[in-house]
Protein chains: 2
Amino acid sequence: MEIEAATAPKGRPREFCVDAALAAALRVFWSKGYEGSSMADLTEAMGITKPSLYAAFGNKEALFNKALDLYELEKTDYMRAALDAPTARGVAERLMHGALDMYSCPENPGGCLGVINSVACGAEAECIREAVVARSAAAKQAMLERFTRAKAEGDFPDDVDPAGLAAFLTAMNQGMAVQAGAGATRAELERLVETGLKLWPGR
Amino acid sequence: MEIEAATAPKGRPREFCVDAALAAALRVFWSKGYEGSSMADLTEAMGITKPSLYAAFGNKEALFNKALDLYELEKTDYMRAALDAPTARGVAERLMHGALDMYSCPENPGGCLGVINSVACGAEAECIREAVVARSAAAKQAMLERFTRAKAEGDFPDDVDPAGLAAFLTAMNQGMAVQAGAGATRAELERLVETGLKLWPGR
DNA sequence: CGATTTCCATAACGGCTGGTATATAAGTTA
DNA sequence: TAACTTATATACCAGCCGTTATGGAAATCG
């Protein structure tokens with residue numbers, strides 16, 4: 001019956017924290033990409049051995065997908081929050097500033113996990129790529145819907161279309177990610193954001 | 001003495017065309033990235049065996065650098081041409097349309113060789129990454145100088161700075177590359193370019 | 001012609017890849 | 001205590017990685 005949380009894990013309890021290990025794995029994937037991260041890199045960073053990793057997470061691909069879930073959960077929630085801004089300009093501001101904070105946070109690896117793993121890869125990582133691309137497509141779709149509403153509400157002129165604006169904002173985010181991954185300083189990214197917002201239509 | 005071109009290659013002549021093989025190698029690197037391209041992939045696409053490859057090009061890294069030279073030479077010369085446009089807006093137009101044509105040409109692999117290999121990689125490909133990043137930094141620097149001149153010539157308002165504009169255009173290019181690599185259609189990229197040019201300051 | 005030089009093809013190298021089989025340690029339940 | 005269940009540690013697997021040694025084929029030079 002056991003309605004309460006399972007208080008009796010029958011066998012020997014594991015000696016490591018699954019969440020902490022997953023967070024460590026995320027950092028590795030984030031800085032080296034899926035293909036560039038070897039199992040040796042991962043186990044060393046996670047502080048566990050290979051059998052423990054396989055028992056807890058399945059395999060490398062499953063581990064990546066769980067790391068991707070974690071990434072979306074705690075690293076890109078600024079995106080969801082941004083879409084709640086009252087105006088299209090507010091959305092753009094929150095989105096760019098959120099990206100800026102994330103990409104220039106010294107505790108994070110440079111760049112964006114999604115961009116890193118969606119550009120190109122060998123044959124065996126193709127399914128990873130597809131998974132990542134699908135997620136970013138969903139994000140772009142949400143932006144498109146938000147801007148369609150914004151246009152109906154008169155947030156920007158008639159001669160700019162919502163799809164173009166969504167693609168534009170996505171491109172700015174991706175460009176920031178690439179430049180951050182290439183070693184751009186926070187000041188440089190700030191200039192980029194400032195320029196992008198200066199060019200943003202309306203207000 | 002031999003002032004004329006060497007007409008007497010002493011030993012057995014090679015049976016393949018070096019330029020064609022290099023072009024084939026470029027396509028592989030361009031679609032799979034440096035790490036994702038195995039020697040087997042390369043030799044198969046180039047139609048030669050591994051010893052021939054090593055004799056003609058050195059090793060994988062040297063082959064990549066030569067492919068990168070070829071890429072810059074014949075795939076990104078639109079960038080150099082763009083900087084010669086009479087106005088900053090002309091530069092932006094040529095740059096974006098040039099990128100659009102290249103990224104949506106069905107004969108090319110999707111994406112940008114530079115972006116693909118500058119985002120992240122394992123330890124052994126770090127030197128490749130640095131080489132690619134250095135080149136794109138040079139391109140950005142050329143753009144910065146062009147826009148500094150443009151500002152002096154009054155091509156755009158005082159409240160936008162040349163560095164920001166260079167970073168912005170670079171970001172647009174990188175965003176297009178990422179989206180093209182993720183499977184965006186030409187129509188989608190056209191919308192992105194159109195929007196970007198609509199937001200461009202002045203005129 | 002013979003000698004020399006270079007290229008091609010086969011096959012192998014050590015090392016690393018992601019993934020496991022086996023044995024032992026560390027807990028719980030009875 | 002004995003029986004059971006699960007985690008850990010070591011060692012290992014087949015397969016691929018980039019790279020190279022070896023042996024023979026094809027050209028020019030003397």
Side-chain angles (χ1 to χ4, degrees), chain A residues 1-2 4-22 24-25 28-29 32-67 117 121-128, chain B residues 1-2 4-22 24-25 28-29 32-67 117 121-128:
Chain A
M1 267 302 173
E2 287 291 352
E4 286 299 312
T7 55
K10 272 194 291 195
R12 171 180 176 177
R14 61 163 51 97
E15 298 176 350
F16 65 95
C17 169
V18 174
D19 291 345
L22 184 58
V28 176
F29 284 130
K32 299 188 174 191
Y34 180 78
E35 287 188 299
S37 305
S38 71
M39 296 302 292
D41 293 332
L42 291 164
T43 52
E44 185 189 352
M46 299 165 83
I48 63 177
T49 60
K50 276 194 278 187
S52 297
L53 190 156
Y54 276 81
F57 300 101
N59 60 8
K60 187 183 177 183
E61 180 180 345
L63 175 62
F64 179 87
N65 282 113
K66 283 168 184 163
N117 295 100
C121 61
E124 70 199 8
E126 201 63 41
C127 55
I128 292 293
Chain B
M1 265 303 171
E2 287 292 349
E4 286 299 312
T7 55
K10 271 195 287 193
R12 173 180 175 179
R14 61 162 51 96
E15 296 176 352
F16 65 95
C17 169
V18 174
D19 290 345
L22 184 58
V28 177
F29 284 131
K32 300 189 173 189
Y34 179 78
E35 287 187 302
S37 305
S38 71
M39 295 303 292
D41 294 331
L42 291 164
T43 52
E44 185 189 351
M46 299 165 81
I48 63 177
T49 60
K50 280 193 272 188
S52 298
L53 190 156
Y54 276 82
F57 300 101
N59 61 7
K60 188 183 178 183
E61 180 180 345
L63 175 62
F64 179 87
N65 281 114
K66 283 167 184 165
N117 295 99
C121 60
E124 70 201 11
E126 201 62 42
C127 53
I128 292 292

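In what follows, every chain begins at residue 1, and chains take the letters A, B, ... in the order their sequences are listed.
For the segment residues 40-55 of chain A, residues with any heavy atom less than 4.0 angstrom from an atom of DNA chain C are, sorted by number, A/K50, A/P51, A/Y54.
Contacts of B/A125 classified as side chain to side chain contact (heavy atoms under 4.5 Å, CB included), with partners at least two apart in sequence or in another chain: B/Y34, B/E35, B/C121. Qualifying side chain to side chain contact (heavy atoms under 4.5 Å, CB included) partners for A/E44, counting only residues two or more places apart in sequence or in other chains: none. In this view, B/S52 and B/T49 satisfy the side-chain hydrogen bond (donor to acceptor under 3.5 Å, both in side chains) rule, not counting sequence neighbours.
The separation between B/K32 atom NZ and D/dC16 atom C1' is 14 Å, rounded to whole Å. Regarding B/F64, its CZ atom lies at a distance of 16 Å from the C1' atom of D/dG18, rounded to whole Å. Atom CZ of B/R14 and atom C1' of C/dC7 are 8 Å apart (whole Å). At whole-Å resolution of the value, CD in B/E35 and C1' in D/dG18 are 13 Å apart. The interatomic distance linking A/F57 (CZ) with C/dG18 (P) rounds to 16 Å, in whole Å.
Taking 3.5 Å as the limit, the base of D/dA25 and the side chain of B/R12 contain a donor-acceptor pair of atoms between them.
Nearest nucleotide to the B/K10 side chain, out of C/dG18, D/dC29, C/dC8: D/dC29. Relative to the side chain of A/N59, the nucleotides D/dT8, C/dG19, D/dC17 differ in distance, and C/dG19 lies closest.
Of the two residues contacting DNA chain D, namely B/E15 and B/G58, the nearest-nucleotide position lying further toward the 5' end is that of B/G58.
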Show me the side-chain donor-acceptor pairs of residues 13-20 of chain A shorter than 3.5 Å, one per line, residues at least two apart or across chains.
residue	atom	partner	partner atom	Å
A/E15	OE2	A/R12	NH2	2.9

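Distance alone, capped at 3.5 Å, is enough to place a donor-acceptor pair between the B/D41 side chain and the B/S38 backbone.
Taking 4.0 angstrom as the limit, B/K60 places a side-chain polar atom (N or O) nearer than this to OP1 or OP2 of D/dG18.
Under the salt bridge (charged side-chain N to carboxylate O under 4.0 Å, His left out) criterion, no residue pair touches residues 48-66 of chain A, with sequence neighbours excluded.
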